[in-house]
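Chain naming here is simple, since letters A, B, ... match the order of the sequence lines and numbering starts at 1 in each.
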Amino acid sequence: MAAVSPGSGSGPLEILTRPVLEAAPRLLGATLTLGGVTLRLTEVEAYDGDNDPGSHANRGRTERNKVMFGPAGHLYVYFTYGMHHCCNVSCGPQGTASAILLRAGEVIDGLDTARARRPKSSDRDLARGPGRLCKILGIDREDDGLDLSEVLHLGPALDDISTGPRVGLRLAADRPWRFWITGDPTVSRYVAAKPRPGTRTAQPRR
DNA sequence: GTGGGGATTTACT
DNA sequence: GTAAATCCCCACA
């Protein structure tokens, strides 16, 4: 058994050591098996910490985002809005702080387990959105830093991929760094970031 | 030590 | 459509 060492050169996840904008679309169609559920990824977003005001890594390495600064092919999990987890795959050449947010997927195995974790959800909505995706895979902060080399399996490059702006960001909201499988029903809906209360909208007065 | 903000989801009108 | 829920992280004093 050859031990696969992510980020060390060759191996099934070698693509993740490429720059994030190359690696991100290649995650579409990949399968991820965690917590007894297998997901086919349908929507991701790229975050480039060295060059991206919208990334958690933009202000340097901290205790929370340290996984993004580590080798490619590991899970970066963070907690947000007081109730949800979101998960990313670290990627990029060693020394860069890039990651790919997993936004949506289609459950292809462990459907009963996934349904039990989100009883009120239709099958299509089980992993439609980053918080939901983490929920049905049973991901929480305990999984931060997890080595994905044995649970993430890439498929062939897909032809029909769409791109657009990332969801929910106030900073760098114009960068088309969101990738999804064109026409897939499990892709989440685009929602622009909420303007801050007290902040005037860009509408001209008078 | 304190305060502001967030890569979201859900329920309700 | 709008609003509330609710914890952690980070910057600053």
> Roughly, in whole Å, what's the span from CG in A:N58 to P in C:dA11?
10 Å
> In whole angstroms, how far is the P atom of B:dG6 from the NE2 atom of A:H56?
10 Å
> If only side-chain N and O atoms of A:K120 are considered, is one of them under 4.0 Å from the OP1 or OP2 phosphate oxygen of B:dA11?
yes
> From the set B:dA7, C:dC10, B:dG6, return the single nucleotide nearest to any side-chain atom of A:T62.
C:dC10
> A:R64 near the nucleic acid: base, sugar-phosphate alone, or nothing, with a heavy-atom cut-off under 4.0 Å?
sugar-phosphate
> Measure CD1/A:I139 against P/B:dA7 and give the value in whole Å, please.
18 Å
> To the nearest Å, how far apart are A:L169 CG and B:dG6 P?
10 Å
> Hey, which of A:K135, A:R117, A:R118 is the one that makes side-chain contact (heavy atoms from CB on, under 4.5 Å) with A:L126?
A:R118
> Shared ILVMFWY cluster between A:V167 and A:L133, side chains joined below 4.5 angstrom?
no
> For the side chain of A:R118, starting at C-beta, report the closest nucleotide among B:dT10, B:dA7, B:dG6.
B:dT10
> Have a look at A:R178 and say if it touches a base, only the backbone sugar-phosphate, or nothing, with a 4.0 Å heavy-atom cut-off.
nothing
> I'd like to know if A:Y78 reaches the base of B:dA7 with its side chain such that a donor and an acceptor end up less than 3.5 angstrom apart.
yes
> So does A:V77 get a backbone contact from the side chain of A:D144, meaning a donor-acceptor N/O pair under 3.5 Å?
yes
> With a 3.5 Å limit on both atom pairs, tell me what B:dA7 is paired to, counting Watson-Crick and G-U wobble, or say none.
none
> Is any side-chain N or O of A:K194 under 3.5 Å from a base N or O of C:dT2, one able to act as donor and the other as acceptor?
no
> Once you round it to whole Å, what is the distance between C1' of C:dC9 and CZ of A:R61?
16 Å
> Check whether the ring centres of A:Y78 and A:H56 lie less than 6.0 Å apart, and answer yes or no.
yes
> Could you check which nucleotide pairs with C:dA11 in any of the strands shown, counting Watson-Crick or G-U wobble with both distances under 3.5 Å?
B:dT2
> Looking at A:R141, I'd like to know whether one of its side-chain N or O atoms comes within less than 4.0 Å of OP1 or OP2 on C:dC9.
yes
> Establish, with yes or no, whether the OP1 or OP2 oxygen of B:dA7 is under 4.0 angstrom from a side-chain nitrogen or oxygen of A:R132.
no
> Without decimals, in angstroms, what is the distance between A:M83 CE and C:dC9 P?
16 Å
> Grab the CD-C1' distance between A:E45 and B:dA7 for me, whole Å please.
6 Å
> Pair A:T186, A:E43 - check side-chain hydrogen bond (donor to acceptor under 3.5 Å, both in side chains), show working.
CA-CA 8 Å; A:T186 63; A:E43 180 187 1; over 6 Å; no
> Specify the residue among A:F79 and A:H84 whose closest nucleotide of DNA chain C lies further upstream toward the 5′ end.
A:H84
> Within this structure, what is the CZ-to-C1' distance between A:R59 and C:dA11, rounded to whole angstrom?
8 Å
